[in-house]
Amino acid sequence: MPTETFTGLPLDELVARLGSRSRALAARRWLFETKPVPAALAERIPGVNTEAWTALRATAPLPAWRIADRRQAADGTTKLVVELSGAAVETVLIPGRGRSTVCVSSQAGCTRACRFCATATLGFTRNLTAGEIVLQYLLARVEAPLDAPARNVVFMGMGEPMDNVEAVLAAASLLTDEAAPRLSANNVTVSTSGVLPGMQRFLRESAAHLALSLNATTDALRGQLMPHNRVWPVAALLDTLRDDHVRGSGRRYFIEYVLWDEVNDSGADAARLVALLTGLPAHVNLIPHNAFAGNRFRAPTEERVLAFQRLVHEGGVRCLVRWPRGSEIAAACGQLALMSDPRSADPRAGGASSGQSPRSSPGRRRERGP
Ligand code: SAH
């Protein structure tokens, strides 16, 4: 694998290599305007000196990629299995009203052992490079409907972004710099299972949003569900968000809360969740568990999900339910494990990730967010 790739070159580096800012902007725009996505960089591109471009192509090619599988659900959610050098990951395009969201993977597999997540069953292959993360956005955006361009990116696919924070910070910066695709930092959200050192660095160095997968309100339960909670417990995670808020970052914090029947969906859980988030500009996303073979967790009934949402909402905390998107193609949250069929017995047999959409929120309009 080349150490440098075109999609991973920071803008100032591209400017230096091509000899001017206008050439660098032209080069990046060329890539984002070329459809279908090219397998390799063209020999010449308009607006860029051929000699400088030839030198760049030789040292910073596109990351090697191949779409090994593409599946589309009835609602338009599209899951790609993308083969990279020595790794395969899943990338999901989730169409919305007026804009689509791309869910990217940050690692092939994951080292964390969350008991409810299909990706955890895969083991860990390797970290992705920044260029490979940006490439996933490039590949997924061409799947977006014309009336809903891909303007949101969530790092909620396979992997724990804060275990690969260097590449994740670089990718978030590439997606939001002044060349293409020029996303707003407000429309980029990185989700973490609570890997504190990476989370702290991310909050210091990025303007993008953070989603914390809290999933439980006590250390006793969270430690069972997410073993690394024993290293970085709930209070430490929320104190870090509070510190960032007090520093005046102006961020909202997305709190992801997967709901499991009779595990974390009681009235007492809702009350503890509200208490934990008091004073934080937090926005809770409830995710009813998405099932996969070999996993014993179950989602609560729709009534129980809505009752939990009502309690959180009445406690004064913004709260949406992310009803599954793309679960019939194993593209919903927690299903990304390179399976083709969510009911398949063997998680390695074929594709999975992360479409979830808001459907209801008592007394609140639909809002954007991860
Ligand atoms: N590792 C990161 C990002 C990937 S997971 C993180 O944990 O945040 C993205 C979201 O899917 C997380 O909020 C996670 O809690 C949730 N999730 C994992 N498994 C799930 C499942 N089986 N059903 C529903 N959501 C799940």
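Order of listing sets the numbers, starting from 1, for every ligand and every atom in it. FYI, side chains are in, hydrogens and waters are out, and symmetry mates aren't considered; it's all heavy atoms of this structure.
Using cut-offs of 30° and 60° on the angle between ring planes, the pair Phe116 and Trp260 is tilted. Using a 30° and 60° split on the angle between ring planes, Phe292 and His289 fall in the tilted class, from 30° to 60°.
Close approach to Glu256 involves these atoms of ligand 1, each under 4.0 Å from a residue heavy atom: 13 (O). Within the listing of ligand 1, atoms 15 (O) sit less than 4.0 angstrom from a heavy atom of Asn215.
Pairing each heavy atom of Leu128 with each of Ser105, the nearest pair is CD1-O, 3.4 Å.
The shell of residues lying under 4.0 angstrom from ligand 1, judged by heavy atoms, includes Gly157. For the ligand labelled ligand 1, residue Ala211 lies outside the 4.0 Å heavy-atom shell.
Looking only at atom types and distance, the side chain of Ser266 has a donor-acceptor partner in the side chain of Asp269 under 3.5 Å away. At a cut-off of 3.5 Å, with distance as the only test, a side-chain donor of Asn229 or Asp219 sits close to an acceptor on the other residue.
Ligand 1 has an N or O atom lying under 3.5 Å from an N or O atom of Phe116, backbone or side chain.
The backbone and the side chain of Glu160 each have at least one atom closer than 4.0 Å to an atom of ligand 1 (non-hydrogen atoms only). Only side-chain heavy atoms of Ile287 come within less than 4.0 Å of ligand 1; its backbone N, CA, C and O stay farther off.
When Met226, Arg115, Met156, Met158 are checked for heavy-atom proximity to atom 5 (S) of ligand 1, Met156 turns out nearest. In this comparison of Gly159, Ser213, Ser193, Ala337, the heavy atom closest to atom 3 (C) of ligand 1 sits on Gly159.
By the 4.5 Å heavy-atom criterion applied to side chains, Ile255 and His283 are not counted as neighbours.
Contact check on Arg17 versus Glu13 returns a salt bridge, with a Lys/Arg side-chain nitrogen under 4.0 Å from an Asp/Glu carboxylate oxygen.
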